[in-house]
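Each chain gets a letter, A, B and so on, in the order the sequences are listed, and its residues count up from 1. Bear in mind the structure is a predicted one, so any value in this text is a computation, not a measurement.
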Amino acid sequence: MEPTPVKNFLQSIISDDLANGRVSEVHTRFPPEPNGYLHVGHAKSIHVNFGLAEANGGCCNLRFDDTNPEKESQEFIESIQADVRWLGFQWEGEVRYASSYFQQLYDWAVYLVEQGKAYVCDLNAEQAREYRGTLTEPGRNSPHRERSVEENLDLLARMKAGEFAEGEKVLRAKIDMASPNMNLRDPIMYRIRKVAHHQTGTDWVIYPTYDYAHGQGDAIEGITHSICTLEFEDHRPLYDWFVDNLPVTSRPRQYEFGRLNLNYTVTSKRKLKQLVDDGVVHGWDDPRMPTIAGMRRRGFTPGSIRKFCEMIGVTRSDGVVDVAMLEFAIREDLNANAPRAMAVLNPLKVVLTDYPEAQVETLVAPNHPSREELGSRELPFTRELYIDADDFREEANKKYKRLVLGKRVRLRNAYVIEADSVVRDAAGEIVEVHAHTIPDTIGADPADGVKPKGVIQWVSASHGRRAEVRLYDRLFNHEAPDRGDADFLRHLNPESLRVVEQAWIEPALAGALPEQSFQFEREGYFVADRFEHSADQPVFNRTIGLRDTWNEGA
RNA sequence: UGGGGUGUCGCCAAGCGGCAAGGCACCGGGUUUUGAUCCCGGCAUUCGUAGGUUCGAAUCCUACCACCCCAGCCA
């Protein structure tokens, strides 16, 4: 795995820090809260944190920022680890938990109280809001701000002991209620929550806030560069305040970068959860979800996601990346690596009237047009086969390069055929095309010099296999589905999933393993479903269609 | 109207006083048993706007404008 050669502003900072001795090694961390599945935005953060560590010979921790037990669960802890590993990253040592530091954090809180820098406040949530002031008006000091150290110590101990009800008291840092930075108006360090924690059980009834826990967690782990997204920029003075006022043994620095926004996509955990809870999709790993698990099931590869992250770069400006870039990254990967195969999604029977009924020729087709080392597979050729209904017309203009009555077409990896007549059902619909083969056209052009105009895929009617094929498309048909406050669900693409129950696939495809990717020639890239595919009942998901520059009509 | 940020091609993004990289998308042309891939070519006299400094500015200064974030006992 080659280190990222890309240079961004974070790398510049790190290079400087290394050069001037501020740090002797690089230690980053990826700190998700286990309250949902990781999505493509997290992939960027993972790529930044692990990538920077890797590129500078350092390491990166995986730390669960589990300070709010109400929203978190073990399910998410497991899925997150699986996703990070799948992306190909390895964290330093064991998985870390902010909750492992609860005792240390508490001791430090006592320390701040002793220093007169923290106090217990009895204001309820509503009162606290009033005292906090507004963006343009300063706040007012809490009436409890000047409690004695002894009283604060006693109250804090009793908070910890469970003597007070939720919301009755909080521990606040004593900073500046008039600060223009709202985060510095005596921010809350501890709140009472009488709920069990997924890691610490019922050991605690008070839980530290993100602001109080994060920087200290970084310091405990020896994190040198604590990288987060732009919205935390205003928190940096607070981050620094805690680290500077506590006897921590290392001094981490926080840096912020712009979070990833993708058009035609929502990446807010709340909205993703809603899609799952409302049953709009079939779970966090639905192939239409921008979650890592969903993308994996859709057929994205770790390499394509990493490539995408490299393409978009890391800056402090917040833009909206075109989802076409993501699509490019996966096409590029799959074009280079996915074996080719043939499948017919909308079958139309073709009978080769000159081809003996009992005859079966075993043709050999290369698995990749330019990578011989990917081998080849056998392709049974028979009198009856299926082609895609879109690949036949009774008549067409010169631009149409497929099968036309009275004209020729190349069957991919097989013969050139010529269409002679059609068979219709009672309703007048074409149900069969009768054609004949042009002799000696395997690997050769017709001897009479009349070359076919195009090439189409096919599957033997007698030797082909049936498969379910799920055609996925973007979940939203609006560029910015969550812009504004209106319900983002109204922008759902009604055709984000189309299931083809009975597609025909060439026999070799039945041996596909779950998560194996293929290019179904002329159709797109497909992956055998991670959970529901089997040799008996093959299921393929369309990852992404082939680039299509054909303008019919033009 | 407080504080913190960001503004370079439709999108992402280099550039850090010497005369606008690259990628995506798009548009031409060539090769091709995938209308794919691949290959070649095109695509910002201009860097949010207006002034100023300078021989010279996207890069420095000033003012203005636009957009994003902050008033959770969420992260």
Side-chain angles (χ1 to χ4, degrees), chain A residues 6-8 31-33 35 65-68 70-71 121 123-125 128-130 132-139 166-172 179-185 187-193 206-207 209-211 213-214 228-237 256 258 263 269-270 308 310-329 331-332 335-336 340 342 365 368-370 399-402 409-414 416 441-445 451-457 519-525 545-552:
Chain A
V6 194
K7 179 165 172 164
N8 54 54
E33 182 187 14
N35 67 346
D65 225 328
D66 56 348
T67 56
N68 186 5
E70 288 169 311
K71 295 181 177 169
C121 178
L123 257 26
N124 63 34
R129 195 181 328 119
E130 286 164 12
R132 191 152 37 229
T134 69
L135 293 178
T136 52
E137 304 158 22
E166 288 191 12
E168 201 177 325
K169 288 186 170 24
V170 293
L171 181 72
R172 304 174 71 172
S179 173
N181 181 343
M182 301 292 289
N183 295 118
L184 263 21
R185 321 246 263 224
I188 288 167
M189 295 167 58
Y190 273 95
R191 65 301 206 187
I192 299 170
R193 284 286 176 281
I206 59 173
Y207 291 96
T209 56
Y210 163 86
D211 282 315
H214 203 90
C228 61
T229 42
L230 252 24
E231 66 270 28
F232 290 101
E233 194 158 13
D234 290 342
H235 294 243
R236 194 170 63 224
E256 313 85 19
N263 60 13
K269 270 192 196 172
R270 204 209 98 227
F308 169 70
E310 271 168 42
M311 284 172 72
I312 61 176
V314 185
T315 68
R316 287 175 59 82
S317 63
D318 46 9
V320 181
V321 173
D322 192 336
V323 72
M325 282 211 224
L326 219 207
E327 296 176 346
F328 170 83
R331 281 198 185 102
E332 181 182 61
N335 174 56
R340 312 286 122 127
M342 292 198 287
H368 194 281
S370 59
K399 304 209 96 177
Y400 188 76
K401 309 203 311 187
R402 311 175 192 182
V409 79
R410 158 77 63 184
L411 292 180
R412 176 69 165 159
N413 297 127
V416 171
T441 50
I442 300 280
D445 283 329
K451 287 202 215 172
K453 298 209 349 220
V455 183
I456 63 174
Q457 78 276 20
Q519 181 196 103
F520 288 179
E521 294 200 64
R522 301 210 312 129
E523 290 287 355
Y525 297 98
L546 254 26
R547 185 161 164 267
D548 184 6
T549 52
W550 183 45
N551 271 313
E552 191 171 8

>> Counting only Watson-Crick pairs (N1-N3 plus N6-O4 or O6-N4) and G-U wobbles (N1-O2, O6-N3), all under 3.5 Å, who is the partner of B/rG41?
In response: B/rC27
> Could you give the distance from CD1 (A/I206) to CZ (A/R191), rounded to the nearest 0.5 Å?
Replying inline: 11.0 Å
> Syn or anti: how is B/rG5 classified when any glycosidic angle within 90° of 0 counts as syn?
Replying inline: anti
> Which value, in whole Å, describes the distance between the P atoms of nucleotides B/rA14 and B/rC9?
Replying inline: 13 Å
> Using atom C1' of each nucleotide, how far apart are B/rG52 and B/rG17 to the nearest Å?
Replying inline: 15 Å
> Between CD of A/E332 and CE of A/M311, what distance do you get to the nearest 0.5 Å?
Replying inline: 7.5 Å
> Out of B/rC68, B/rG2, B/rA13, which nucleotide sits closest to the side chain of A/T315?
Replying inline: B/rA13
> Hey, does A/I442 reach any base, or is it just sugar-phosphate, or nothing, if we go heavy atoms under 4.0 Å?
Replying inline: base
>> Suppose we screen for side chain to side chain contact (heavy atoms under 4.5 Å, CB included). Which residues come up paired with A/F232, at least two apart in sequence or across chains?
In response: A/Y210, A/C228, A/T229, A/H235, A/Q254
> Between A/K269 and A/E33, does at least one N-O distance fall below 4.0 Å, as a salt bridge requires?
Replying inline: no
> Taking for each residue the nucleotide of RNA chain B with the nearest heavy atom, is it A/T136 or A/G454 whose nucleotide lies nearer the 5' end?
Replying inline: A/T136
> Now, which nucleotide makes the Watson-Crick or G-U wobble pair with B/rG2, with each of the two distances under 3.5 Å?
Replying inline: B/rC70
>> Is there a side-chain contact between A/R402 and the phosphate of B/rG35, meaning an N or O under 4.0 Å from OP1 or OP2?
In response: no
> Are the side chain of A/H368 and the backbone of A/N335 linked by a donor-acceptor contact shorter than 3.5 Å?
Replying inline: yes
> So which nucleotide does B/rC19 pair with, by the Watson-Crick or G-U wobble rule with both distances under 3.5 Å?
Replying inline: none
>> Taking only the C1' atom of each, what is the distance from B/rC12 to B/rC26 in whole angstrom?
In response: 15 Å
>> Generate the contact string for nucleotides 69-75 of chain B. Rules: B means base contact, S means sugar-phosphate contact only, - means no protein heavy atom under 4.0 Å.
In response: BBBSBSB
>> Just to be sure I understand the rule, does A/V320 reach a base, reach only the sugar-phosphate, or reach nothing, if contact means heavy atoms closer than 4.0 Å?
In response: sugar-phosphate
> Is a donor-acceptor pair below 3.5 Å formed from side chain A/Q519 to base B/rU34, judging by atom type as modelled?
Replying inline: yes
All N/O contacts under 3.5 Å from nucleotides 22-31 of chain B to the protein, with atom names and distances to one decimal?
none

> Mind checking the P distance from B/rA58 to B/rC16? Whole angstroms is fine.
Replying inline: 12 Å
> In whole Å, what is the span from the CD atom of A/Q457 to the C1' atom of B/rA36?
Replying inline: 12 Å
> Side-chain contact, heavy-atom cut-off 4.5 Å: A/E521 with A/N413?
Replying inline: yes
> When all nucleic acid strands are considered with a 4.0 Å heavy-atom cut-off, which category describes A/G443: base, sugar-phosphate, or nothing?
Replying inline: base
> Considering Watson-Crick and G-U wobble pairs with both distances under 3.5 Å, what does B/rC60 pair with?
Replying inline: B/rG52
>> What is the separation between atom CG on A/L184 and atom C1' on B/rG2, rounded to the nearest whole Å?
In response: 14 Å
>> Give me the distance, rounded to whole Å, that separates B/rA75 from B/rC67 when you measure between the P atoms they each carry.
In response: 31 Å
>> Rounding to an integer number of Å, can you tell me how far A/E233 CD sits from B/rC68 P?
In response: 16 Å
>> What is the distance, to the nearest angstrom, from the CZ atom on A/F308 to the C1' atom on B/rC11?
In response: 11 Å
> With sugar-phosphate meaning primed atoms plus P, OP1 and OP2, does A/T229 contact a base, only sugar-phosphate, or nothing at under 4.0 Å between heavy atoms?
Replying inline: nothing
> When rounded to the nearest Å, what value does the distance between P atoms of B/rA63 and B/rC74 take?
Replying inline: 41 Å
> What is the distance from CG of A/D318 to C1' of B/rA13, rounded to the nearest Å?
Replying inline: 15 Å
> To the nearest Å, how far apart are A/N413 CG and B/rU32 P?
Replying inline: 17 Å
> Closest heavy-atom contact between A/T209 and A/I188?
Replying inline: OG1-O, 2.8 Å
> Which value, in whole Å, describes the distance between the C1' atoms of nucleotides B/rC61 and B/rG23?
Replying inline: 34 Å
> Start at the 5' end of RNA chain B and walk down; is the nucleotide closest to A/V321 or to A/I456 reached first?
Replying inline: A/V321
>> If you only use heavy atoms from C-beta on, which nucleotide in B/rG4, B/rA36, B/rG7 is closest to the side chain of A/R340?
In response: B/rA36
> Contact class for A/P369 vs. all strands (heavy atom < 4.0 Å): base, sugar-phosphate, or nothing?
Replying inline: base
> Which value, rounded to the nearest 0.5 Å, describes the distance between A/R236 atom CZ and A/E233 atom CD?
Replying inline: 5.5 Å
>> Quick check against the 3.5 Å criterion: does A/R340 have a side-chain atom that pairs as donor or acceptor with the backbone of A/A365?
In response: no
> Distance from A/I456 atom CD1 to A/K401 atom NZ, nearest 0.5 Å?
Replying inline: 13.0 Å
> What distance, rounded to whole Å, do you find between the two C1' atoms, one in B/rG48 and one in B/rG5?
Replying inline: 16 Å
>> Taking A/L184's backbone N and O only, do any of them form a donor-acceptor pair with A/S179's side chain (distance below 3.5 Å, no angle check)?
In response: no
> Can you name the nearest heavy-atom pair linking A/E70 to A/R193, along with the distance?
Replying inline: OE1-NE, 3.1 Å
